[in-house]
Structure formats: C-alpha cells, structure tokens
Amino acid sequence: MDNKNKSIRMIVVIDNFIKDENLLREIRDDKSFFSDPGVYYWWDGWWNNKATSTKQKLIDYIWSDNCPLSQAMSIRGFEYWTGIQTANTEMGFNNNLGNHYDKDETLFAETGEIVTPSMGSVYYPEQSKFEGGMLEIYTEGVDKAPEVVYAKPNRLVIFDAGKYVHAVTPVTSGIRKAIAINLWLTEPLGKQNGAMRIEG
C-alpha cells in the first residue's frame, strides 16, 4: 500500500501529510515527544482546551485543520501515546507489537467489558532509517493475510483500530517511532479515574 491517499477496506494512507514546515520542525526538535513511550494521554480537544504540547498541536493539525475524513464525527476527545520498537531490544523496547485491537484498557481490566474507540490513526514522524516495523491490519480476520502498511516518514494512517486486529512486524534494523491517536465518542474509564495523563 504505497500509493498516496489510498483507501482499502476502511484504511486510509496519506503520504507527506504535514505541509506545515514549522510543525514538522517542532516535532523533529521536541526532545520530549518520545520520552515516555507507552504512556497514555488524554486531550479534550481544541474546542475545550487550546493545544499546548507538540503532540496536541499534531492532533489539532490532523483532525481540526486538515481533517482527512469526509464524514462528521461527534467525539469527546483524543487518547494518544507514542511507541518505539527497535532491533536492539537491550535498549528496553520490544522489536515488535503483537496482534491486538484498541479498547478501553482500564475498563476491560476492571470489568472485562469491551468498549472501543470511534476511529484510530497512526502518524510516523521524520526519523532515522530503519528496516521492518510494518503495520499489519487484519481487515478480513486473523486467518487471512493482513493489509501491510510501511512506516514511512510523514505518513498518516487511519483505520478502525477498535475493530481490526493489528500488529507491528519485527524491526530488524534501527529504531521505529510512531504516535497513535484514537478518537473517542465517550471518555474512556482511564480518563475518568485519572489513569490517563493530561499534558499541559
């Protein structure tokens, strides 16, 4: 899936997504952007609070100023976190991410109930070259071959992360970095009970 703006089975891939050179520079220069991979954050959105962090500015750029979807969505806010996979697992990171789908993890841990986000997205910022680390999305079930999306710099991927099982293949060389952003119709329990962090 290397074609610009290609959409297959509810997967949208947009290359060279950010056109704002200032935002690209801010993401590249922000030393804190990937300082806490795997930590879940919540933002109530630009309609409630002005973007104060680089991550929030990225969300604003994607979903407010340049919304890539044609249908309107009524959401409460955004769950977001960064991820790092590396071939050198001695750095403390895994080289892959196993099959999963996104859900309200706090609610699931406490009750077993499954509630999923309205939509998911992944953005790959500019970064050093790496090999492997492809996003696999099982749109036809885990018993069928997945759609494979390469992690290219300045690429945005949108898909139903709560519906489709997805994974990251092993990184065989270098370090792969990404930020995941989920859109929620209702606040996840982790936001309500303080398990998610708030930037700002």
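Computation of the quantities below employed the complete heavy-atom set of this structure, encompassing side-chain atoms and omitting hydrogens, waters and symmetry-equivalent molecules. Note that this is a predicted model, so its numbers are computed, not measured.
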In residues 189-198, what donor-acceptor pairs under 3.5 Å come from side-chain atoms, sequence neighbours left out?
{"residue": "Q192", "atom": "NE2", "partner": "E187", "partner atom": "O", "Å": "2.8"}
{"residue": "N193", "atom": "OD1", "partner": "A195", "partner atom": "N", "Å": "3.0"}

Same cluster or not: [X] versus [Y], using hydrophobic residues (I, L, V, M, F, W, Y) connected whenever any side-chain heavy atoms lie under 4.5 Å apart?
X    : Y    : answer
F130 : I27  : no
L23  : F33  : yes
L97  : I11  : no
I179 : V168 : no
Y101 : L135 : no

Exercise: identify the closest heavy-atom pair between [X] and [Y]:
X    : Y    : answer
E140 : K144 : O-CG, 3.3 Å
Y123 : L58  : CD2-CD2, 3.9 Å
D104 : P188 : OD2-CA, 3.1 Å
P125 : A178 : CD-CA, 4.3 Å
P117 : G162 : CD-CA, 4.1 Å
F17  : N66  : CZ-O, 3.7 Å

Q: Might you work through the side-chain hydrogen bond (donor to acceptor under 3.5 Å, both in side chains) test for N182 and D102, ending with a clear yes or no?
A: CA-CA 8 Å; N182 284 340; D102 294 0; 3.1 Å; yes

Student check: side-chain heavy atoms of [X] and [Y] closer than 4.5 Å:
X    : Y    : answer
E131 : V171 : no
I175 : F93  : no
V12  : V157 : no
N94  : T89  : no
F108 : V115 : no
Y40  : E79  : yes

Q | Proximity of W46 and Y61 rings by center, below 6.0 Å | A | no

So, taking the atom named [atom1] in [X] and the one named [atom2] in [Y], what distance separates them when rounded to the nearest 0.5 Å?
X    : Y    : atom1 : atom2 : value
S53  : D30  : OG    : CG    : 8.0 Å
D60  : W47  : CG    : CH2   : 9.5 Å
S121 : W63  : OG    : CH2   : 5.0 Å
H166 : I137 : NE2   : CD1   : 7.5 Å
I62  : C67  : CD1   : SG    : 10.0 Å
T116 : M119 : OG1   : CE    : 10.5 Å

Q: Give the C-alpha distance, both sets of side-chain angles, the deciding distance and a yes or no for side chain to side chain contact (heavy atoms under 4.5 Å, CB included) between I181 and W81.
A: CA-CA 7 Å; I181 304 161; W81 67 97; over 6 Å; no

Q: For side chain to side chain contact (heavy atoms under 4.5 Å, CB included), just list the numbers for R76 and L185, CA-CA rounded to whole Å, side-chain angles, deciding distance to a tenth of an Å, and then say yes or no.
A: CA-CA 5 Å; R76 288 298 299 272; L185 182 62; over 6 Å; no

Under 3.5 Å, is there a donor-acceptor pair between the side chain of [X] and the main chain of [Y]?
X    : Y    : answer
D20  : N22  : yes
K55  : T52  : no
T86  : N95  : no
D36  : V39  : no
R176 : G133 : yes
Q127 : K177 : yes

Q: Consider only side-chain N and O atoms of Y138 and E136, and report whether a donor and an acceptor are under 3.5 Å apart.
A: yes

Q: Would you mind telling me which of W42, Y80, W43 makes a side chain to side chain donor-acceptor pair (under 3.5 Å) with E199?
A: Y80

Q: Would you sort out whether R155 and Y150 count as a side chain to side chain contact (heavy atoms under 4.5 Å, CB included), showing the intermediate values?
A: CA-CA 9 Å; R155 169 173 273 185; Y150 289 84; 3.9 Å; yes

Q: Verify side chain to side chain contact (heavy atoms under 4.5 Å, CB included) between V149 and M134, making sure each step is shown before the conclusion.
A: CA-CA 6 Å; V149 182; M134 289 160 297; over 6 Å; no

(Q) The test is salt bridge (charged side-chain N to carboxylate O under 4.0 Å, His left out); show your working for K152 and D15 and say whether it passes. (A) CA-CA 8 Å; K152 291 174 58 176; D15 286 338; 3.6 Å; yes

Q.
Within a 6.0 Å radius of atom NZ on K163, are there more than 12 heavy atoms belonging to other residues, nucleotides or ligands?
A. no

(Q) For E110 and T106: C-alpha separation, side-chain torsions, deciding distance, then whether side-chain hydrogen bond (donor to acceptor under 3.5 Å, both in side chains) applies. (A) CA-CA 6 Å; E110 292 188 9; T106 304; over 6 Å; no

